[in-house]
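Have a look at the structure below before the remarks.
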Number of protein chains: 2
Amino acid sequence: MKKKRPSIKDIAAELKTSVTTVSFVLNGKAKEMKISEEMTQKVLDYANKINYQPNQLAQGLRTGRSNIIVFMVEDISNYFFARIARIIEDIAYKKGYKVIFCSNENNDERSRDLLRLFKERQIDGYIIIPSPGIEKDIQNLMKEKIPVVLFDRYFPGLESHYVVIDNKDAAYNATLHLIKNKFKNIAFITIDTGQNQMLERLEGYKKAIHQYDLTENILAIPYRPDTVSYVKAIIRDYIMHHDMDAIFFATNYLTQSGLEAIKENFPHFLTELGLITFDDHEIFKIYSPSISAISQPRFEIAENLMRIMISLIENSNTPQNFNKVILKSTLFSRESTKF
Amino acid sequence: MKKKRPSIKDIAAELKTSVTTVSFVLNGKAKEMKISEEMTQKVLDYANKINYQPNQLAQGLRTGRSNIIVFMVEDISNYFFARIARIIEDIAYKKGYKVIFCSNENNDERSRDLLRLFKERQIDGYIIIPSPGIEKDIQNLMKEKIPVVLFDRYFPGLESHYVVIDNKDAAYNATLHLIKNKFKNIAFITIDTGQNQMLERLEGYKKAIHQYDLTENILAIPYRPDTVSYVKAIIRDYIMHHDMDAIFFATNYLTQSGLEAIKENFPHFLTELGLITFDDHEIFKIYSPSISAISQPRFEIAENLMRIMISLIENSNTPQNFNKVILKSTLFSRESTKF
DNA sequence: CTGAAAGCGCTTACAG
DNA sequence: CTGAAAGCGCTTACAG
């Protein structure tokens, strides 16, 4: 049953030529190496006929490349990241790369563990959502000439390739949307990490608020993973003690808990409140007639990430300028949502 | 900057011994090969000191193994699968394996494409949620002695390793739960695929219904991906023309659309209805005070999958009996839910 | 235009 | 107890 798969040597033997010739042809170097038209065809035809697949391990051992890309996100079970992963997967397979996903839980120690794990394992490149404190580690990767593209966040002090969205612009527009719909007391609920994408969202909110001479209303919740009930309690208390007619959740990590808190404690409130959630997650739209969602352009994000990554891998010798891609996101209101 | 990483040869040279000895020690065969205690220690210490990492490509080329496991699910962005993936990832890394995720979209053609893609790429083993028509392809993999473990579904006619949950039992208990809470007209909304896990859930429902002399109330919606509005319309019509005081959604693919349909068309109904959703997804619990969720034991599932997979890979020579693991799931009612 | 051969970093049968 | 050597399947400088 288990027949040995054909190697380049087998092809050479069958065609009474050398492995060199076969290898050149198969790698598209026939022209360059002046292999005869006839021989080239013969090799191509035969390889095709027996459905020759090169042994990637051997190729990798020889060339030092693995055709494996690591995609490190905060949590692969997060809806937004999972969607991106799905698209990246598709693009990668089309280009002959495999993708390994992993989750750093926004935790520096775990990020480092993972990087260490992959280190020296012939990973061709890394697409990373960096946890807050791994700037140095990213820098080290880059020093070793390993392709790295950051995503979702970046380090202002570090020159690197990255793909992010214009958070300030998105938050500004979303806040404007609320204001134009006559909401006046808009609360901004965020997580109290120093993460720059959160700060930018806050800035966007502030800009709109000041532009219309409204009052800031900010709740920054300390970051603690896995404590939904804790978040709910804080939000409940905040709502209880502040006047507001709209809420802007700066991340979908908060939206679910927040809406649940409202639903449990102020059910009547839910239908009146203006609501914005960051990171489009279809299900949130069901909660309230007036909720709007900021939707990040997933296809564009994935395409840009992979375009940069592949170009880095395949032109590792030619130095490149840093690719800094900043994409716009879209605000979906309930009416304009197509399911 | 870029220093060559140490190889076994370097260690041998440094220690004035041979690569053979080093290799034996590093592979834990020191005892077996009667390497002296002293030499063993020396090698271990030095390898440790320079943080030696074997080149997995070379290892793989030599041994024919890649330490890569493929985890093929229906859609990695589906919450349940993503959670499982997350756990599998953890276990795999601890054991020195890498995991490649991919999504077959429950589509046979795509499943085959993916299998073809990975074929001959030195994948050590496959964990697969099979799409309906790939029984033959699975069988072919198995014939080639490639470790395969099915998950979530299996083919009744195919002897294979699998990990599933007891769908009939879960559906039976959930229906019983409704009945005991005085619901009498319980609708069962499912997808009309021949998938055995759906049929088993239906059986469980029927068993409970008959046991209490109630009437069956079944809506089987034709499977079409990505047509939420279509599903919503069907469910709305069905509710309009049938009497019911409870609904059992056979898969979370339907729950969201179903609840939305109800919310839009019969809002008052939502708080009175008894509701069951298959596949625990926390957010669904927010919709209605009376919704209960069947929660599959994710850790147990992942642990069993990886246990079987690793044992298959590492004992590929010793034939094994087929591992058929059937796990029980839990019914979470709102009150008993801890966030 | 084409081929013989070295070498990537391992494992392991074989010989002492 | 330990070492020299073959070989996994490739790529590519080198030689003709």
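The basis for the numbers below is simple: all heavy atoms, side chains too, and nothing from hydrogens, waters or symmetry mates.
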Roughly how many Å is it from [atom1] in [X] to [atom2] in [N], rounded to a whole number?
X: B:Leu15; N: D:dT2; atom1: CG; atom2: P; result: 12 Å
X: A:Leu57; N: D:dG9; atom1: CG; atom2: P; result: 11 Å
X: B:Met39; N: D:dC1; atom1: CE; atom2: C1'; result: 10 Å
X: B:Asp10; N: C:dG9; atom1: CG; atom2: P; result: 8 Å
X: B:Leu61; N: D:dC8; atom1: CG; atom2: P; result: 9 Å
X: B:Glu32; N: D:dT2; atom1: CD; atom2: C1'; result: 15 Å

Note: B:Glu135-B:Arg153 ion pair, threshold 4.0 Å (strictly below)
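B:Arg153 and B:Glu135: not salt-bridged.
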With a 4.5 Å limit on heavy-atom distance, are the side chains of [X] and [Y] in contact?
X: A:Phe155; Y: A:Tyr162; answer: no
X: B:Leu114; Y: B:Met72; answer: yes
X: B:Ile127; Y: B:Val70; answer: no

With a 6.0 Å cut-off on ring centres, are A:Phe71 and B:Phe101 close enough?
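When the ring centroids of A:Phe71 and B:Phe101 are compared, they turn out to be at least 6.0 Å apart.
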Taking the ring centre of each residue, are B:Phe322 and B:Tyr154 less than 6.0 Å apart?
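That pair fails the under 6.0 Å test.
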Given the P atoms of D:dA5 and D:dC1, what is the spacing between them in whole Å?
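Between the two P atoms, the distance is 24 Å.
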Under 3.5 Å on both distances, the Watson-Crick or G-U partner of C:dA4
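The base-pairing partner of C:dA4, which may sit in any strand shown, does not exist here.
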Both distances below 3.5 Å, Watson-Crick or wobble geometry, any strand: find the nucleotide opposite C:dA13.
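By the stated definition (distances under 3.5 Å), nothing pairs with C:dA13.
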Hey, what are the protein-to-nucleotides 10-13 of chain D N/O distances that come in under 3.5 Å?
from, atom 1, to, atom 2, distance (Å)
D:dC10, OP1, A:Tyr52, OH, 2.7
D:dC10, OP1, A:Asn55, N, 3.3
D:dC10, OP2, A:Ile8, N, 2.9
D:dC10, O5', A:Tyr52, OH, 3.3
D:dT11, OP1, A:Asn27, OD1, 3.4
D:dT11, OP1, A:Asn27, ND2, 3.3
D:dT11, OP1, A:Gln59, NE2, 3.1
D:dT11, OP2, A:Ser23, OG, 2.8
D:dT11, OP2, A:Asn27, ND2, 3.2
D:dT11, O2, A:Arg62, NH1, 2.6
D:dT12, OP2, A:Lys29, NZ, 2.9
D:dT12, O4, A:Thr20, OG1, 3.4

Tell me which nucleotide among D:dG9, D:dG3, C:dC1 gets nearest to the side chain of B:Thr17.
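From the listed options, D:dG3 comes nearest.
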